[in-house]
Amino acid sequence: MRESPIVPGLPETLRSALDEELGKYPQNRLTQSVERLSTRYRENAPASAPILSSEADIAAYAGYRMPATYAAVHAVLAEAALRAPGFAPRTQIDIGGGTGAAIWAATDVWPTLEESTVVEQVPGAIELGRRLAENAGDKAVRGATWRRGLIDPAAPAPEADLVTLSYVLGELPEARRADTVRWLSAKASMLVLIEPGTPAGYERIVAARDQLVELGLSLVAPCPHEGACPIPRGKDWCHFSARLPRTGLHRQLKSGTLGFEDEKFSYVVASRTAPERADARVLRHPAKRKGMVSLSLCAESGLTEKIVTKRHGPAYRAARDAEWGDAWPDHSTVD
Ligand SMILES: C[S@@+](CC[C@H](N)C(=O)[O-])C[C@H]1O[C@@H](n2cnc3c(N)ncnc32)[C@H](O)[C@@H]1O
């Protein structure tokens with residue numbers, strides 16, 4: 001299998017702030033929290049009370065999940081930026097923002113961001129997120145507004161150029177998800193929803209995707225069309241992967257030896273303005289053999305396997321470079 005696309009690791013200031021925070025806890029306390037949280041997240045069940053329930057849990061979350069959620073959000077936003085090159089957000093609201101991974105990722109992708117706001121229910125996550133952001137190089141992160149709040153579709157909708165909700169939908173009761181998506185989309189120029197790249201995460205994303213189309217928003221990514229999702233339900237799921245470097249500490253917490261990990265995610269990005277939508281999306285690691293590349297594509301016509309050989313010239317060169325999750329064709333290399 002080919003590697004997943006590599007995304008940048010955490011910014012250095014965030015990594016060192018995180019190391020400092022984690023250094024406040026004995027290793028075994030963090031390990032216990034990681035084990036508890038991993039088990040809880042694997043249950044994939046809505047939360048009737050906040051999952052992050054102690055300071056050590058919050059620090060452990062930041063240590064073992066924040067690098068991965070940062071990588072996933074970064075990969076998604078980088079793709080959104082490619083599909084919407086004219087989009088230059090000035091404001092972002094990140095809902096259920098935890099310790100702030102999405103504001104760090106967004107300012108890295110869009111340096112135009114001036115005002116970032118994180119809305120989060122757990123005060124300890126807000127405190128840690130704020131401390132981590134204190135020395136950020138980017139002004140929007142350093143000066144971010146951290147607001148304690150609950151997702152509340154009866155309250156005024158979040159109003160920002162960019163609204164993000166990453167790894168949160170699954171914590172909401174199923175009956176509240178559609179209202180939440182409507183609320184999030186009401187005043188956002190661009191809305192980004194990210195979930196774990198599991199069958200259940202994909203189901204939540206595809207339901208939100210269909211709802212966003214019905215609400216009149218344009219899909220930016222990953223979908224190359226707004227027709228019904230052609231993935232056969234129950235048999236497959238649309239998801240992507242980002243390879244992130246493991247820090248030393250992250251390696252200890254995950255008790256693994258690999259120098260990287262692959263974070264799997266499902267996502268949808270929708271906007272009020274029509275994007276430069278891709279013709280097709282690469283749905284798996286391309287099979288690359290001598291003189292030939294086979295691409296699994298999602299296109300308006302459905303799911304297809306495309307074989308690109310050396311005699312296709314520039315298209316072959318682009319196919320050699322194509323990765324799982326990329327748009328196809330890459331118009332910068334194929335004309
Ligand atoms: C899995 S964490 C994801 C954190 C962050 N978005 C990230 O990607 O790293 C889910 C977060 O959503 C928050 N959350 C869950 N339900 C919420 C609600 N109803 N209102 C506000 N925040 C909520 C949790 O407290 C937690 O911080």
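Computed from a prediction, not measured in an experiment: that's the story for all the values here. Order of appearance sets the numbers: ligands from 1, and atoms from 1 within every ligand.
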> What is the minimum heavy-atom distance between P275 and L219, and which atoms define it?
Replying inline: CG-O, 3.2 Å
>> Does E214 have more than 12 heavy atoms from other residues, nucleotides or ligands lying within 6.0 Å of its CD?
In response: no
>> Could you tell me if T145 and E115 have a donor-acceptor pair between their side chains, going purely by distance under 3.5 Å?
In response: no
> Which residue and non-hydrogen atom of the protein lie closest to atom 20 (N) of ligand 1, and at what distance in Å?
Replying inline: I151 N, 3.0 Å
> Under 4.0 Å from any heavy atom of G96, which atoms of ligand 1 are there?
Replying inline: 4 (C), 5 (C), 6 (N), 11 (C), 12 (O), 13 (C), 22 (N)
> Between R42 and S38, do the side chains contain an N or O donor and an N or O acceptor separated by less than 3.5 Å?
Replying inline: no
> For atom 8 (O) of ligand 1, which protein heavy atom lies nearest, and how many Å away is it?
Replying inline: S166 OG, 2.4 Å
> Listed by chain and number, what are the ring-ring contact (aromatic ring centres under 6.0 Å, His included) partners of F87, not counting sequence neighbours?
Replying inline: W110
> At what distance is the nearest protein heavy atom to atom 1 (C) of ligand 1, and which residue and atom is it?
Replying inline: Y167 O, 3.2 Å
Check: residues 156-169 side-chain donor-acceptor pairs under 3.5 Å, at least two apart:
residue : atom : partner : partner atom : Å
D161    : OD2  : R90     : N            : 2.7
D161    : OD2  : T91     : N            : 3.2
D161    : OD2  : T91     : OG1          : 3.4
T164    : OG1  : Q92     : NE2          : 3.1
T164    : OG1  : D94     : OD1          : 2.8
Y167    : OH   : E263    : OE2          : 2.6

>> At less than 4.0 angstrom from any non-hydrogen atom of G98, what atoms of ligand 1 do you find?
In response: 4 (C), 27 (O)
>> Quick check: closest heavy atoms across L283 and C238, and the distance to 0.1 Å?
In response: CD2-SG, 4.1 Å
> Starting from atom 14 (N) of ligand 1, which protein heavy atom do you reach first, and at what distance in Å?
Replying inline: Q121 NE2, 3.3 Å
> Counting only heavy atoms, which portion of L172 has something under 4.0 Å from ligand 1: side chain, backbone, both, or neither?
Replying inline: side chain
>> Using a 4.0 Å cutoff against the non-hydrogen atoms of V122, which atoms of ligand 1 qualify?
In response: 25 (O)
>> Just to be sure I read this right, does ligand 1 sit under 4.0 Å from the backbone of L150, its side chain, both, or neither, counting only heavy atoms?
In response: both
> What residue and heavy atom of the protein are closest to atom 2 (S) of ligand 1, and at what distance?
Replying inline: Y61 OH, 3.5 Å
> Is P50 near ligand 1, meaning one of its heavy atoms is under 4.0 Å from it?
Replying inline: no
> What class does the angle between the rings of H285 and W324 fall in, given that below 30° is parallel, 30 to 60° is tilted and above 60° is perpendicular?
Replying inline: perpendicular
> Who's the nearest protein heavy-atom neighbour of atom 21 (C) of ligand 1, and how far?
Replying inline: G149 O, 3.4 Å
> Looking at Y70 versus H74, is the centre-to-centre ring distance below 6.0 Å?
Replying inline: yes
> In the protein, what heavy atom is nearest to atom 26 (C) of ligand 1, and what distance, to one decimal place, separates them?
Replying inline: E120 OE1, 3.6 Å
>> Tell me whether ligand 1 is touched by V73 - counting only heavy atoms on the residue side and a distance under 4.0 Å.
In response: no
> Where do I51 and Y41 land on the side-chain contact (heavy atoms from CB on, under 4.5 Å) test, with the steps shown first?
Replying inline: CA-CA 9 Å; I51 295 174; Y41 286 129; 3.9 Å; yes
> Should the proximity of E171 to ligand 1, defined as any heavy atom under 4.0 Å, be assigned to the side chain, the backbone, both, or neither?
Replying inline: side chain
